[in-house]
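Letters A, B, ... mirror the listed sequences (proteins, then strands); counts begin at 1.
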4 protein chains.
Amino acid sequence: MLNRVILIGRLTKDPELRYTPNGIATTTFTLAVDRPFTSQGGERETDFLPIVTWRQLAETCANYLKKGRLTAVEGRVQVRNYENNEGKRVYVTEVVADNVRFLESNRSQGDPNEPDHRPRYDGDPFADDGKPIDIDDDDLPF
Amino acid sequence: MLNRVILIGRLTKDPELRYTPNGIATTTFTLAVDRPFTSQGGERETDFLPIVTWRQLAETCANYLKKGRLTAVEGRVQVRNYENNEGKRVYVTEVVADNVRFLESNRSQGDPNEPDHRPRYDGDPFADDGKPIDIDDDDLPF
Amino acid sequence: MLNRVILIGRLTKDPELRYTPNGIATTTFTLAVDRPFTSQGGERETDFLPIVTWRQLAETCANYLKKGRLTAVEGRVQVRNYENNEGKRVYVTEVVADNVRFLESNRSQGDPNEPDHRPRYDGDPFADDGKPIDIDDDDLPF
Amino acid sequence: MLNRVILIGRLTKDPELRYTPNGIATTTFTLAVDRPFTSQGGERETDFLPIVTWRQLAETCANYLKKGRLTAVEGRVQVRNYENNEGKRVYVTEVVADNVRFLESNRSQGDPNEPDHRPRYDGDPFADDGKPIDIDDDDLPF
DNA sequence: TTTT
DNA sequence: TTTT
């Protein structure tokens, strides 16, 4: 009915850009999000959250995100499941981003938050120019 | 750094209340969240998201939530991991709620959104009266 | 850079549908959002928040929302300003919704959260089919 | 019922720290939040949103925020009203923050997102150590 | 398997 | 000016 996540954290690695069999761009990366520090001794705790982006936004993320960069991600939590090669059903939880803000950009490369470079707000990341399309789980490149 | 989720959906079952070895209440349930309908034929798609609540909020959820009830949940996405009995590391993603709104309450039982019944806003669900405590993964009742 | 609001509350009145000079639909209403009850004696406190919707979403809201209905609104906070008839600059804060969920629908009228009736996710409410357009403040019907 | 805002933007000025008659710290500042760029020619549009913080969080904000700093704010939208000196009722919309993240900190001053410096998550900003108190509108220092 |  |  309603499903919205907002995260701020840092990339654990450079993002990975792939294409589905039908040529749709998709970029994935992991965001390290530190939990609020709980005074007590103890080490800092961190959640490592897998992020998926599609299409235009995927291209921009692939171009402008780098390992370590502070990044804001807006999207929805999704639980995908597939059968693995041992015939067991595996459940994967990930954040499908529809908005990504580059909080530490490399000015010398142009500002990714500016026009042309700016991630188009995709609305439904599964929709193309308003015409929703099907991304079949078998089409996924990962 | 920042980690916030807001969900609206329906309980797939009655919630389950348990206690940690040190007596802290925790209630878990699954929220079925329909994805926005993508016109095309196709069946309605739904994400099934595991929710965890603690303490006072856990008690209230156990008392007032029932299978099928429309419910709003606010919290953070957490990735917990543990070693299973085959010595394999298992990753579990769940939403730790710090605010739950009962959108369909049973008026005859009192309004859970009202004082006394109302879920106290717990801030950090791992903190007790401001004094943060450690919830050890081995302490978890699930 | 990032601006997201999520509200759940009740309409104080029936929504109002108007059209801009260039024929774009816009529906406005006020959402009464109760603050969390602060035990102490005292009366319940409530924020009354003006909501604006555009285009397809405006039409759906006008058709399905009614005074008193429990409703979820997702959007951004906007500060608009104009010169009033005494030549004084007036600042208006409102929530521009891009997603509205009908939490109490009138089943006999069809489910507004279902296809055809469902509020299209508009992305940028000022964008038309991906082609962003200008809504001039002078064009506003209110 | 539910009221949550998340903003990322920059301070238009240094923050202002004041105290209520009963000695409670409150810091206010304005956050400039750029709207997503709408390709067309046109100038960049920006919302200027007034932010209010209380207590411990107010002290931390006063110490660590400076004009121009990129900052994330989490809280709720509030509409306050008072009678001005001409006996007219004035409505003020502001964001009451309960979480502030310093996205550009001055490392040489210590990291405000770290323990001791870190803004305690206040839960209800009107509650003191769990004991909710009344902040009377007449008590406000602004 | 992880970031500052 | 307000909703349950």
* Asked: Under a 3.5 Å cutoff on both atom distances, Watson-Crick or G-U, what's the dot-bracket for DNA chain F ([ ] crossing, | other strand)?
  -> ....

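One interatomic measurement links the two molecules: CZ of B/Arg80 to P of E/dT2, which rounds to 19 Å at whole-angstrom precision. Distance, D/Asn81 CG to F/dT1 P: 7 Å, rounded to whole Å. Look at CG on D/Asn3: it is 15 Å from C1' on F/dT3, rounded to the nearest Å. Atom pair D/Arg89:CZ and F/dT1:C1' shows a separation of 12 Å (rounding to whole Å applied). Straight-line distance from the CG atom of A/Leu103 to the P atom of E/dT4: 15 Å, rounded to whole Å. Between the CZ atom of A/Arg69 and the C1' atom of E/dT4 there is a distance of 13 Å, rounded to whole Å. For the pair A/Phe29 CZ and E/dT3 P, the computed distance is 16 Å after rounding to whole Å. One interatomic measurement links the two molecules: CG of A/Leu65 to P of E/dT4, which rounds to 14 Å at whole-angstrom precision.
Comparing F/dT4, F/dT2, E/dT4 by their nearest atom to the side chain of C/Arg10 picks out F/dT4.
Judged by distance alone, with hydrogens and angles left aside, the side-chain atoms of D/Asn84 form no donor-acceptor pair with the main-chain N or O of D/Val90 at under 3.5 Å. Looking at C/Asp47, its side chain does come within 3.5 Å of a backbone N or O of D/Val79 through a donor-acceptor pair.
Between B/Val92 and B/Tyr82, the closest side-chain pair of non-hydrogen atoms falls below 4.5 Å.
Residue ring and base: C/Phe48 does not count as stacked with F/dT3 (centre distance below 5.5 Å and interplanar angle below 30° not both satisfied).
Nucleic acid contact for D/Tyr91: sugar-phosphate only, since backbone atoms but no base atoms lie under 4.0 Å from a heavy atom of the residue. Nucleic acid contact for A/Gly68: sugar-phosphate only, since backbone atoms but no base atoms lie under 4.0 Å from a heavy atom of the residue.
Checked against side chain to side chain donor-acceptor pair (under 3.5 Å), A/Asp34 has the following partners two or more places apart in sequence or in another chain: A/Thr46. Scanning for side chain to side chain donor-acceptor pair (under 3.5 Å) contacts around C/Glu83 gives C/Arg89, with sequence neighbours left out.
A salt bridge between C/Asp14 and C/Arg69 is absent, with no side-chain N of the basic residue lying under 4.0 Å from a carboxylate O of the acidic one.
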* Asked: Checking side-chain contact (heavy atoms from CB on, under 4.5 Å) for the pair B/Ile8/B/Thr71: CA distance, chi angles, key distance, verdict?
  -> CA-CA 6 Å; B/Ile8 301 180; B/Thr71 305; over 6 Å; no

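The base of E/dT3 sits within donor-acceptor range of the side chain of A/Thr46, with an N or O pair under 3.5 Å.
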